[in-house]
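To start, the structure itself, in structure tokens.
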There are 2 protein chains.
Amino acid sequence: MTFSEENYLKTIYHLTSVSDADISTNAIAEKMETKASSVTDMLKKLSEKDLVNYIKYQGVSLTDKGKLAAKMIVRKHRLWECFLVEKLDFSWDEVHDIAEQLEHIKSEKLINKLDDFLGNPTEDPHGDPIPDAQGRIIKVEKQLLSEFEKNQIGICVGVKDTSSDFLKYLDKQEIALGSQIEIIEKESFDSSFRIRVGTKEITISNKIASNLYIK
Amino acid sequence: MTFSEENYLKTIYHLTSVSDADISTNAIAEKMETKASSVTDMLKKLSEKDLVNYIKYQGVSLTDKGKLAAKMIVRKHRLWECFLVEKLDFSWDEVHDIAEQLEHIKSEKLINKLDDFLGNPTEDPHGDPIPDAQGRIIKVEKQLLSEFEKNQIGICVGVKDTSSDFLKYLDKQEIALGSQIEIIEKESFDSSFRIRVGTKEITISNKIASNLYIK
DNA sequence: AATTAAATTTAGACAAAGCTAAAAATTATA
DNA sequence: TATAATTTTTAGCTTTGTCTAAATTTAATT
Ligand SMILES: [Mn+2]
Ligand SMILES: [Mn+2]
Ligand SMILES: [Mn+2]
Ligand SMILES: [Mn+2]
């Protein structure tokens, strides 16, 4: 499988996890910053290899084979992110681009040994689940902070937006995975929040609250 | 720089280290298991980028820029091999092919952090030197076992042939980097050797002796 | 020196993956 | 329902890196 094929599978996998319905050509093109015509070409190719179910004009979905392949790429991506953060001391906003490269390294033995070396983690540095060697995922119950109400208390367990900018903002506010967050006030006008993180009280916009997963 | 360009540079670098003279198109083709015409095409491209000095029909050599680039790829290859052996517990005959992939990962920060994580090793699992971030190499004095004479004693510090088959043979004979080797007898008829490795006495062919570096 | 052999380059073709522009199908709207 | 807007596909072209076959250059041998 080529890098490009792997990237398409991964993108379809990620789009599926949010919408559930069949994925449109344009949605893939937009996410991958490529042209719809290129997507069509690749969908034919993936369909030929039985990795996706593709009907002209109707969108695509992953076959079981394609889904497993996608999960293995996600597994590699997230394990490498763990390695970079936990062993090489990278910060969580620096690892994604490097993992985008490392996820394409082909060696089952390597990834399984890496998994063991890291102590078989179930989540990556952004709180996202790591599929095991069989593609199984441990789902963790979590809600967006924006769905919380006044006086509720939770633990930050993940981020929805994993952009470097957002992660650096969280660092600045001293919000990390494991931080306790208490809703002090919810402003009805703009849906912003007054929250307590550890000992500090801060105000965050609704956009921020909509990208933080809490349990 | 593409994977392919990197592989050509690396090949030219390795061929240079044995012959010193300009490298021929055919030598590159043979080493890379490709066709001479493909090599010619790539040499033009590398020459255009000032990575090699290339004169039609006359062979190539690396420019300073090309040599440094090649060294950085070799650096990555050998550091990853160290990682695989020392941290992930691979054996020395399993790591080359995986390192062939990992050597193309682009991130200076990654490779320098990996270097630190490994304790800044100067040699890879096969006894080959690891260039530092500036491309400097610590040369170690070493001779082929085949050049040794009766009664001489030395330490195994490297292998010339790094094929899996040869490395597995050495494992079987319990010869590893650091093993003490004493020449008991040199058979003049076929240039085979009777040697002592640790407590054991074994006979090795000249071909074996010509692929073991001793200090 | 002339001829032959070997090495190297050129010419032309192909597959992968991308693009633009035009055609076709689907969806939305009047 | 007919028309317009949007989405998707097709057709044709480009780049990268490879190949085969033919042409050219260099090296080796009479
Ligand atoms: Mn990531
Ligand atoms: Mn992640
Ligand atoms: Mn190697
Ligand atoms: Mn090595």
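Sequence lines set the chain letters: A, B, ... in the order given, protein chains first and strands last, and positions in each chain run from 1.
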Remember a base hit wins even if backbone is also touched, and classify [X] as base, sugar-phosphate or nothing at under 4.0 Å, heavy atoms.
| X | result |
| --- | --- |
| B:S37 | base |
| A:F3 | nothing |
| B:T25 | sugar-phosphate |

Roughly how many Å is it from [atom1] in [X] to [atom2] in [N], rounded to a whole number?
| X | N | atom1 | atom2 | result |
| --- | --- | --- | --- | --- |
| A:K35 | D:dT7 | NZ | P | 14 Å |
| A:D41 | C:dA16 | CG | P | 11 Å |
| B:M1 | D:dT16 | CE | P | 15 Å |
| B:Y54 | C:dA7 | OH | P | 16 Å |
| B:E30 | C:dA6 | CD | P | 15 Å |
| B:M42 | C:dT9 | CE | P | 14 Å |
| A:E6 | C:dA16 | CD | C1' | 15 Å |
| B:L43 | C:dT9 | CG | C1' | 11 Å |

If you compare every side-chain N and O of [X] against the phosphate oxygens of [N] (OP1, OP2), does one of them come in below 4.0 Å?
| X | N | value |
| --- | --- | --- |
| A:K56 | C:dT26 | no |
| B:T34 | D:dC19 | yes |
| A:T40 | D:dT10 | no |
| A:K44 | D:dT9 | no |
| A:Y57 | D:dT6 | no |
| B:N26 | C:dA6 | no |
| A:Y8 | C:dA16 | no |

DNA chain C: 5'-proximal contact among A:S38 and A:Q58 (nearest heavy atom): A:S38
A:F83 and A:W80 aromatic ring geometry - parallel, tilted or perpendicular at 30°/60° bounds: perpendicular
Please evaluate residues A:N53 and A:S61 with respect to the criterion side chain to side chain donor-acceptor pair (under 3.5 Å), reporting the C-alpha separation (whole Å), side-chain torsions for both, the decisive distance (0.1 Å), and the verdict. CA-CA 5 Å; A:N53 305 116; A:S61 61; 3.3 Å; yes
Is A:E6 salt-bridged to A:K106, cutoff N-O under 4.0 Å? yes
With a sphere of 6.0 Å drawn around CD1 of B:I55, does it hold more than 12 non-hydrogen atoms of other residues, nucleotides or ligands? no
Evaluate side chain to side chain donor-acceptor pair (under 3.5 Å) for B:D93 paired with B:S91, printing each intermediate quantity in order. CA-CA 6 Å; B:D93 62 290; B:S91 59; 2.7 Å; yes
